[in-house]
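Here's the structure, in structure tokens; my notes come after.
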Amino acid sequence: MTQTPYHTLDANGIRDLIAGLPDVATRLGGASAQWQVREVSDGNLNNVFLVGGPAGEVCLKQSLPHVRVDPSWKMPLDRTFFEAAWLRAVLPLVGGLTTECLFFDRDLYVLIVESLSGHTVLRTALMQGADWPGVAPRIGTFIARAAFGTSLLARPFEEVFTTRRTFAANLALTRITLDLVLDDPYRDHPRNHWHDPVLTPIVLDIRSSAATLLAVENLRRRFLSQPQALLHGDLHTGSIMSTPDDTRVIDGEFAVYGPIGFDCGMFVGNLVLHYFAMPDHAARKATLRDIGAFWNSFHEQFMGLWNANEAPPPGTLRPLAYGPAAHVAQQTFMEEILGDTIGFAAIEIIRRIIGYAHTADFDIIADRQQRAACRAGALAFAYHVLDHLNEFHTINDFLYFLDEQGQAGL
Ligand code: SR1
Ligand code: MG
């Protein structure tokens, strides 16, 4: 283990570090002078490099003492620690749906994982027109397994509380989520921005609707006060790398205990953004299919784990009631997750259009006015969903309304 005080690594520093890590060096093969170091930093927060040798490749991520895209925004370094801890917590639960943590160093805040250079970031693949029906159900499986396995349904409270304590210290990134996702967009804040004037009346409607603001307040409280399971915490389509047949969830640095529907909602919200960026109804149908398949897979896997858990580990909460009443209680729990999913999806859509961190989905639309109209369609959809949140009782209610709004906007 290195004792080197923190400094930002360059290509030579990376070669020297890995040369001292026999397991990682063996994956690369050859001598360190032969290793190719390529910077692929793309997210808002960290430096990311791919390091390749004659035998293989790894991915190295290093926290910076600031937001990567805004050096004046100072940040603690501990986010790679939480990402490494998240990987170690969920990998045994989700198997091949994430990557293995090969190395973490708490002095340099460097994390090394398997390289996924044969995979494409899901958002990029969707923008390029990929139609991969297997991906959304795999994300449903991922969330079901990670959430169930880190919850009180699967583990004694002593273990859950211990894990919660670790992730409860992820204060800086939880603060980012609270501010950027759940707060800034609903008031004037210099971090918000949008260029299309057509969006402004919808923003004003959102900010003046008591029903919408109360729904956001409720979801904000739920995010902080419902520690149901260990969340990924930022599960957008840029946190997923995929091929048609193999899907990995990456970038778990925002991990924190919270309501399970938060992760579901982030994913669904980003699929909806993609939906509104698609040029025609035929293309949009695939996204409706994906959202439905995601939810059905999540629901089926989560319930399957719950019902199969006849002999949970000693110390785990055991059911006291059986039969129809217990079944109704399970249904109520799943309906609560669905309500959170739909609410957080709407919140994610809004912040990605008028908040600090936008997404590239709409960049595929060449015409400026059409691009603005598609963004406005997504924003108005999210506004209506939040304003009428208690009218969506099933995933089909949500999909019918999305389909209706999507067709109306074409
Ligand atoms: C300053 S960080 C802005 C956003 O980037 C991350 O990926 C998260 O989505 C965060 O909200
Ligand atoms: Mg990220």
Side-chain angles (χ1 to χ4, degrees), residues 39-49 59-87 90 98-99 101 109 111 113 116 119-124 139 142 167 170-186 189-194 216 219-220 223-224 231-242 247-256 258 262-274 344-361 382:
E39 184 169 1
V40 291
S41 311
D42 173 37
N44 292 317
L45 293 174
N46 310 296
N47 278 351
V48 182
F49 299 87
C59 175
L60 181 147
K61 184 167 182 175
Q62 185 176 32
S63 308
L64 299 168
H66 53 79
V67 170
R68 187 182 72 84
V69 296
D70 179 1
S72 71
W73 187 343
K74 303 302 173 201
M75 290 274 295
L77 294 162
D78 54 9
R79 52 198 181 272
T80 40
F81 164 80
F82 292 109
E83 182 164 346
W86 171 81
L87 281 172
V90 301
T98 186
T99 56
C101 174
Y109 287 96
L111 170 69
V113 295
L116 296 172
H119 292 56
T120 308
V121 173
L122 181 59
R123 191 186 312 283
T124 309
I139 299 302
F142 171 88
F167 289 95
N170 196 359
L171 299 176
L173 295 205
T174 302
R175 169 54 67 185
I176 284 189
T177 300
L178 189 64
D179 289 351
L180 270 56
V181 181
L182 295 154
D183 202 307
D184 290 356
Y186 303 95
H189 194 286
R191 281 190 293 241
N192 295 325
H193 59 104
W194 61 93
V216 175
L219 288 159
R220 196 168 60 177
F223 173 67
L224 291 176
L231 307 180
H232 174 280
D234 193 27
L235 220 177
H236 55 85
T237 46
S239 297
I240 296 165
M241 297 196 69
S242 199
T247 302
R248 312 293 186 97
V249 176
I250 60 165
D251 275 1
E253 62 200 332
F254 283 80
V256 70
F262 185 84
D263 274 356
C264 298
M266 290 287 116
F267 182 60
V268 170
N270 280 272
L271 289 183
V272 173
L273 287 165
H274 170 63
F344 286 119
I347 276 183
E348 172 70 354
I349 295 163
I350 290 172
R351 75 98 169 204
R352 292 298 191 184
I353 295 177
I354 65 168
Y356 174 81
H358 295 192
T359 60
D361 301 81

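Ligands are counted one by one from 1 in listed order, and the atoms in each one are counted from 1 as well. The structure presented is a predicted model; accordingly, all values stated were derived computationally and were not measured.
- Of all atoms in ligand 1, listed by their number and element, those nearer than 4.0 Å to a heavy atom of F254 are 6 (C), 8 (C), 10 (C).
- Remark: R191 CZ is packed, more than 12 non-hydrogen atoms of other residues, nucleotides or ligands lying under 6.0 Å away.
- Nearest heavy-atom pair, A84 versus L111, reported as atom, atom and distance to 0.1 Å: CB-CD1, 3.8 Å.
- Here R351 does not pair with D184 in a salt bridge; the nearest charged N to carboxylate O distance is not below 4.0 Å.
- Paired with H232 under the rule ring-ring contact (aromatic ring centres under 6.0 Å, His included), one option of W86, F167, F142, F262 passes, and it is W86.
- Relative to atom 7 (O) of ligand 1, the option among T359, N44, D234 with the closest non-hydrogen atom is D234.
- Applying the 4.0 Å criterion to heavy atoms of L180 picks out, from ligand 1, the atoms 3 (C).
- Within the 4.0 Å heavy-atom criterion, the part of R351 lying near ligand 1 is the side chain and not the backbone.
- Judged by distance alone, the side chain of R68 and the main-chain N or O of L45 form no donor-acceptor pair under 3.5 Å.
- With a 4.0 Å heavy-atom cut-off, ligand 1 is reached by the side chain of R352 but not by its N, CA, C or O.
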